[in-house]
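Comments concern the structure below.
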Amino acid sequence: MATKLGDWMDDRTGWRTHHATIFLRKIPKINWSYTLGSATLFTMFIQIVTGILLTLYYVPEPQQAYASVSYITNELPFGWLIRGLHHWGASAMVLLVVLHMVRVIIYGAYKYPREFTWITGVALLLLTFAFGFTGYLLPWDQRAYWATVVGTQIGEVTPVVGDTLRAVMLGGEEISGLTLTRFYGAHVWVLPSLLLLLVGIHIFLVIRNGITSVPKRGE
Ligand code: HEM
């Protein structure tokens, strides 16, 4: 029955070929450091699932943001777990993406024909940092406020576009309700859309070009 259904679908979608291209491709003899990209991908999925669950109770509004986070942490059944996973998952993702990049550098995996994979990777690194920065403000407590003051002041010293960048981030001269709305919008809509698009291109390129083998002495 399952085989018949599989054949029926294959006739119409060619899924077996795609499945083989993605999951049954030949790879060289590698080591554990090659799992860091997949580990980052896994953390990304954890962040998406826990993030979606958090949006069901979080209120992106200055009067209620702190209270809603406090409710999630202290009263909502398993809220502490979902928030904890999202909180520590964010740090894990930053750590893993940096280690993945270090592996790519050490093995020279950025060289031809993988330059564009590297470029999409750099964009993914910046996106991961942007997630951390925008997410930090959302609990709307003292730590969040001052971290954003520091972050936006750093943005302000960017040559040429500094002032505009700070104004766009803050939605005015100072941190306000509009800043919270903007950071929330970026955190749950803009950045995830870009992340999914770029991860799709990144993984496509990894499959298309195959992965590098561990360099040998003298290579
Ligand atoms: C959200 C962030 C990222 C995800 C989910 C991700 C995912 C992956 C995965 C699953 C692989 C294949 C397995 C592996 O080599 O570990 C890979 C390969 C690769 N990634 Fe990433 N990556 C990310 C960020 C980056 C960054 C920051 C860079 C560099 C700036 C980068 C550059 C590369 C390159 C060049 C390859 C090919 C490696 C090879 O052929 O040996 N990636 N990535």
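Values below: all heavy atoms of this structure, side chains included; hydrogens, waters and symmetry mates excluded. Both counts, for ligands and for their atoms, begin at 1 and track the order of listing.
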Who's the nearest protein heavy-atom neighbour of atom 15 (O) of ligand 1, and how far? Arg103 NH2, 2.5 Å
Near Trp15 CH2, under 6.0 Å, is it more than 12 heavy atoms from other residues, nucleotides or ligands? yes
With a sphere of 6.0 Å drawn around CZ of Arg25, does it hold more than 12 non-hydrogen atoms of other residues, nucleotides or ligands? yes
Sub-4.0 Å atoms of ligand 1 with respect to non-hydrogen atoms of Ala109: 35 (C), 38 (C), 39 (C), 41 (O)
Going by salt bridge (charged side-chain N to carboxylate O under 4.0 Å, His left out), name the residues that satisfy it together with Arg103, two or more places apart in sequence or in a different chain. none
Among residues at least two apart in sequence or on other chains, which ones pass salt bridge (charged side-chain N to carboxylate O under 4.0 Å, His left out) with Glu61? none
Quick one: look at Met44 and ligand 1, take heavy-atom pairs under 4.0 Å, and tell me if it's side chain, backbone, both or neither. neither
To the nearest 0.5 Å, what is the distance between CH2 (Trp88) and CZ (Arg83)? 11.0 Å
Tyr34 OH: over 12 foreign heavy atoms closer than 6.0 Å: yes
Nearest neighbour in protein (non-hydrogen) for atom 16 (O) of ligand 1: Tyr34 O, 2.9 Å
Which ligand 1 atoms, with their elements, are less than 4.0 angstrom from a heavy-atom of Leu41? 5 (C)
Closer than 2.8 Å to atom 21 (Fe) of ligand 1, what protein N/O/S atoms do you find? His100 NE2, His202 NE2
Return a yes/no value for Trp118: is any of its N or O atoms, backbone included, closer than 3.5 angstrom to an N or O of ligand 1? no
Quick check on Glu115: does its CD atom have over 12 non-hydrogen neighbours (other residues, nucleotides or ligands) under 6.0 Å away? yes
Within ligand 1, which atoms have a heavy atom of Thr212 less than 4.0 Å away? 39 (C), 40 (O), 41 (O)
Measuring from the heavy atoms of Ile105, does anything fall under 4.0 Å of ligand 1? no
Heteroatom proximity flag, Arg114 to ligand 1, N/O under 3.5 Å: yes
Determine, stepwise, if the pair Asn31 / Tyr107 fulfils side chain to side chain donor-acceptor pair (under 3.5 Å). CA-CA 12 Å; Asn31 59 37; Tyr107 288 176; 2.9 Å; yes
With Arg16 via side-chain hydrogen bond (donor to acceptor under 3.5 Å, both in side chains) - residues at least two apart: Asp7
Taking only heavy atoms of Leu125, which atoms of ligand 1 are found under 4.0 Å from at least one of them? 27 (C)
Between Leu127 and ligand 1, which residue portion shows a heavy-atom distance shorter than 4.0 Å: side chain, backbone, both, or neither? neither
I want to check a possible cation-pi pair here: Arg12 against Trp8, using under 6.0 Å from ring centre and within 45° of the ring axis as the test. yes
Is there a heavy atom in Gly210 that sits closer than 4.0 Å to ligand 1? yes
Between Gln142 and the options Trp146, Tyr145, Trp140, the side chain to side chain donor-acceptor pair (under 3.5 Å) test singles out Trp146
